[in-house]
Amino acid sequence: MNNVKDYITTHKDRFISELFNLLKIPSVSADSAYADDVIKTAQTVKSSLMNAGCDIVEICETKGYPIVYGEKIIDANLPTVLVYGHYDVQPADPIELWDSDPYEPIIKATKKHPEGAIFARGACDDKGQMYMHVKALEFMIKTNQLPCNVKFMIEGEEEVGSDNLGIFVANNKEKLKNDIILISDTGMIANHVPSITTGLRGLSYVEVEVKGPNRDLHSGLYGGAVANPINILTKMIASLHDENNHITIPGFYEKVEELSAEERAEMAKAPFSKEAYQKALDIETVYGEKGYTTNERNSIRPTLDVNGIWGGYTGEGAKTVIASKAYAKISMRLVPNQDWKEITQLFKTHFESIAPKGVVVKVTPHHGGQGYVTPINTIGYQAASKAYETTFGKKPIPQRSGGSIPIVALFEKELESKTILMGFGLDSDAIHSPNEHFGVWNYLKGIETIPYFYKYFTEMNA
């Protein structure tokens with residue numbers, strides 16, 4: 001790719017400014033109070049794709065938030081790359097833990113980003129990474145170096161389960177037809193250690209309710225005489241792991257893939273410092289399933305975590321009540337071969353079975369998705385590897401991620417296409433947390449690297 005660095009240098013300030021404008025819109029799909037902002041963001045993405053050089057850009061309505069579709073078809077005989085991303089973001093709560101306004105992006109230097117990082121909700125997940133592809137397309141079109149066809153599918157419901165994306169994909173297979181799918185919604189090991197995500201965990205997300213008496217009760221008059229839903233819920237949750245942090249749901253591990261010693265040895269080559277990991281999180285020690293390393297626990301092993309728990313009085317001061325109901329939200333990260341719907345049912349059956357007399361338990365499934373593994377011997381992976389090697393000066397390490405992008409398995413099923421996950425964020429970028437950020441260097445490096453993927457993928461398919 002001729003002059004890609006020069007183009008980025010020339011337009012760097014504009015690239016950052018445009019991303020800032022996108023980050024200022026609070027496109028929180030989980031909260032209906034931000035509905036207008038989510039729609040506004042979709043329109044902004046549409047304008048950006050048009051300005052970048054797409055010939056067709058559409059806002060495709062769904063039962064929820066719209067999907068932005070764009071395309072630049074230069075020759076039907078050439079390969080087609082489909083870029084997927086999302087323009088919605090996680091809620092910024094708790095706001096008080098942010099050092100700056102989550103929707104007023106600023107650039108600050110950090111230890112891992114001495115050149116500066118963009119602090120804002122969505123900076124890394126996924127507005128910043130999605131927008132790298134828009135600017136990479138702009139470069140290729142403006143310099144007449146686009147080597148193949150490109151399509152974009154940018155949705156607004158990824159953070160709430162992508163409920164309507166599957167319907168859209170199933171109904172638009174011809175429109176979305178492609179040779180490879182490209183996503184930047186993952187990370188890499190470090191700025192000096194590039195990596196490509198080759199595996200994702202699946203997800204099952206449920207909400208549980210434990211109901212006791214028909215109203216909140218005085219804890220003095222009724223304490224010890226009726227079942228306390230909060231006490232019972234915490235005991236039930238505690239029983240979901242044994243002393244080795246092994247999940248106790250019957251059948252949970254039945255389809256879990258056990259990696260060979262050779263594969264685990266390859267994974268272990270990725271640089272990892274237990275001390276640095278603990279220091280970064282301000283924890284005394286690592287924790288997890290016995291018999292596995294930290295990197296294995298957060299990538300190739302399934303998990304069960306409570307994401308929220310509430311009930312009774314949580315305001316200031318004291319109120320001595322036995323709550324009528326207690327609630328929790330629970331997520332299970334799954335590995336390939338574990339079917340999320342099957343796991344959800346196993347959880348529901350088990351959780352209801354361990355409820356003691358005196359309470360009624362209700363399990364409400366929310367959303368989920370399958371895990372995914374992409375082979376490293378495909379043309380798509382090899383093209384991505386060569387692209388990283390060109391711009392980073394070293395081959396990337398294949399790495400399985402602990403995160404979930406449920407639609408990746410859906411894409412393979414419906415569109416019969418492999419997905420390449422070219423992430424440029426870092427684990428320390430605080431996605432889904434206060435003070436989310438994305439390195440300016442990483443943002444621009446993504447714009448520099450992506451065009452090489454197009455180049456090498458086209459050449460390898462010739």
Novice: Using modelled atom types only, decide if a donor and an acceptor are shared between the side chain of E71 and the backbone of I56 within a distance under 3.5 Å.
Specialist: no
Novice: Which residue is it: N149, L415, V150? I am looking for the one with a side-chain contact (heavy atoms from CB on, under 4.5 Å) to N178.
Specialist: L415
Novice: Got more than 12 heavy atoms from elsewhere within 6.0 Å of CD, E254?
Specialist: no
Novice: Is the backbone of C124 close enough, under 3.5 Å, to the side chain of E436 for a donor and an acceptor to pair up by distance?
Specialist: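 Yes: the side chain of E436 pairs with the backbone of C124.
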Novice: So for atom NZ, which belongs to K40, do other residues, nucleotides or ligands contribute more than 12 heavy atoms lying within a distance under 6.0 Å?
Specialist: no
Novice: Yes or no on side-chain contact (heavy atoms from CB on, under 4.5 Å) for N191 and L426, after CA distance, side-chain angles and deciding distance?
Specialist: CA-CA 8 Å; N191 285 355; L426 302 180; 3.6 Å; yes
Novice: At their closest point, which heavy atom of A387 faces which heavy atom of Y452, and how far apart are they?
Specialist: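 So the minimum-distance heavy-atom pair works out to CB-CB, 3.7 Å.
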Novice: Pairing donors with acceptors under 3.5 angstrom, does anything connect the side chains of H246 and N244?
Specialist: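 Side-chain D/A pair, H246 to N244: absent.
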Novice: Any salt bridge between E275 and K279, counting N to O under 4.0 Å?
Specialist: no
Novice: Quick check: do F252 and M332 have side-chain heavy atoms less than 4.5 Å from each other?
Specialist: yes
Novice: I'd like to check F347 versus I330 (side-chain heavy atoms, cut-off strictly below 4.5 Å). Are they in contact?
Specialist: yes
Novice: Within 45° of the ring axis of F424 and under 6.0 Å from its six-membered ring centre, is that where the NZ or CZ of K445 lies?
Specialist: no
Novice: Is there a side-chain contact between D216 and S324, using heavy atoms and a 4.5 Å cut-off?
Specialist: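 Yes. Closest side-chain heavy atoms under 4.5 Å.
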Novice: So do the side chains of Y372 and F411 get within less than 4.5 Å of each other, counting heavy atoms only?
Specialist: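 No, their side chains stay 4.5 Å or more apart.
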Novice: Look at the side chain of D101 and the backbone N and O of Y103, then say whether any donor-acceptor pair between them is shorter than 3.5 Å.
Specialist: yes
Novice: Can you tell me if CG on D427 sees more than 12 non-hydrogen neighbours from other groups inside 6.0 Å?
Specialist: no
Novice: Can you find a side-chain donor-acceptor pair between E18 and S48 that sits under 3.5 Å?
Specialist: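 On atom types as modelled, these side chains do not qualify, holding no pair under 3.5 Å.
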Novice: Can you name the one residue among R400, R301, R201, R264 that meets salt bridge (charged side-chain N to carboxylate O under 4.0 Å, His left out) with E257?
Specialist: R400
Novice: Look only at the side chain of S404 and the backbone of G202, and say whether a donor-acceptor pair between them is shorter than 3.5 Å.
Specialist: yes
Novice: Where the side chain of R121 meets the backbone of P105, is there a donor-acceptor pair that is under 3.5 Å apart?
Specialist: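 Such a contact is absent between R121 side chain and P105 backbone.
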Novice: Among all residues two or more places apart in sequence or in another chain, which pass the side chain to side chain donor-acceptor pair (under 3.5 Å) test with K112?
Specialist: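 Here no residue qualifies.
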Novice: Relative to each other, are the rings of H86 and Y84 parallel, tilted or perpendicular (30° and 60° limits)?
Specialist: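 H86 and Y84: tilted rings.
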Novice: Within a radius of less than 6.0 Å around NZ of K255, do more than 12 heavy atoms belonging to other residues, nucleotides or ligands occur?
Specialist: no
Novice: Got I309 and I237 here, is their nearest side-chain heavy-atom distance under 4.5 Å?
Specialist: yes
Novice: Take R297 and E289, measure what salt bridge (Lys or Arg N to Asp or Glu O under 4.0 Å) needs, and give me the verdict at the end.
Specialist: CA-CA 7 Å; R297 290 167 181 163; E289 186 181 3; over 6 Å; no
Novice: Just wondering, do F272 and T293 contact through their side chains at under 4.5 Å, heavy atoms?
Specialist: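 The answer is no; the side chains never approach within 4.5 Å.
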Novice: Tell me if a side-chain donor or acceptor on N337 pairs with a main-chain N or O of V256 at a distance below 3.5 Å.
Specialist: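 Looks like no, no N/O pair under 3.5 Å.
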Novice: Decide yes or no for P26 and V89: does some side-chain heavy atom of the first lie under 4.5 Å from some side-chain heavy atom of the second?
Specialist: no
Novice: Taking the side chain as every heavy atom from C-beta outward, state whether L421 and D185 have any atom pair closer than 4.5 Å.
Specialist: no
Novice: Is there a donor in the side chain of Y456 and an acceptor in the side chain of T390, or the other way round, less than 3.5 Å apart?
Specialist: yes
Novice: Centres of the F392 and W441 rings: under 6.0 Å?
Specialist: yes
Novice: Answer with yes or no whether the side chains of K127 and S27 bring together a donor and an acceptor at under 3.5 Å.
Specialist: yes
Novice: So does K362 have more than 12 non-hydrogen atoms from other groups sitting under 6.0 Å from NZ?
Specialist: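 Count not over threshold, so no.
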Novice: Does T391 have any side chain to side chain donor-acceptor pair (under 3.5 Å) partners at least two apart in sequence or in another chain, and if so, which?
Specialist: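 Side chain to side chain donor-acceptor pair (under 3.5 Å) list for T391, sorted by chain: T449.
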Novice: In terms of ring plane angle, is the pair H437 and H113 parallel, tilted or perpendicular, where the classes change at 30° and 60°?
Specialist: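 Answer is perpendicular, since the angle exceeds 60°.
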Novice: Checking K329 against H366 for the side-chain contact (heavy atoms from CB on, under 4.5 Å) test, could you report, in this order, the C-alpha distance in whole Å, the side-chain angles of both residues, the deciding distance, and whether it holds?
Specialist: CA-CA 10 Å; K329 293 181 185 289; H366 278 297; 4.0 Å; yes
Novice: Between H432 and D125, is a side-chain hydrogen bond (donor to acceptor under 3.5 Å, both in side chains) present by the stated rule, with each step listed?
Specialist: CA-CA 8 Å; H432 290 211; D125 181 22; 3.0 Å; yes
Novice: Sub-3.5 Å donor-acceptor pair from the side chain of Q370 to the main-chain atoms of W340, do we have one?
Specialist: yes
Novice: Between Q129 and D126, is there a donor-acceptor pair closer than 3.5 Å when you use the side chain of the first and the backbone of the second?
Specialist: no
Novice: Assess, by modelled atom type and distance only, whether the side chains of Q345 and T349 contain a donor and an acceptor separated by less than 3.5 Å.
Specialist: yes
Novice: Is it true that, when you exclude E284 itself, more than 12 heavy atoms of the residues, nucleotides or ligands shown sit nearer than 6.0 Å to its CD?
Specialist: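 At most 12 heavy atoms, drawn from other residues, nucleotides or ligands, come within 6.0 Å of this atom.
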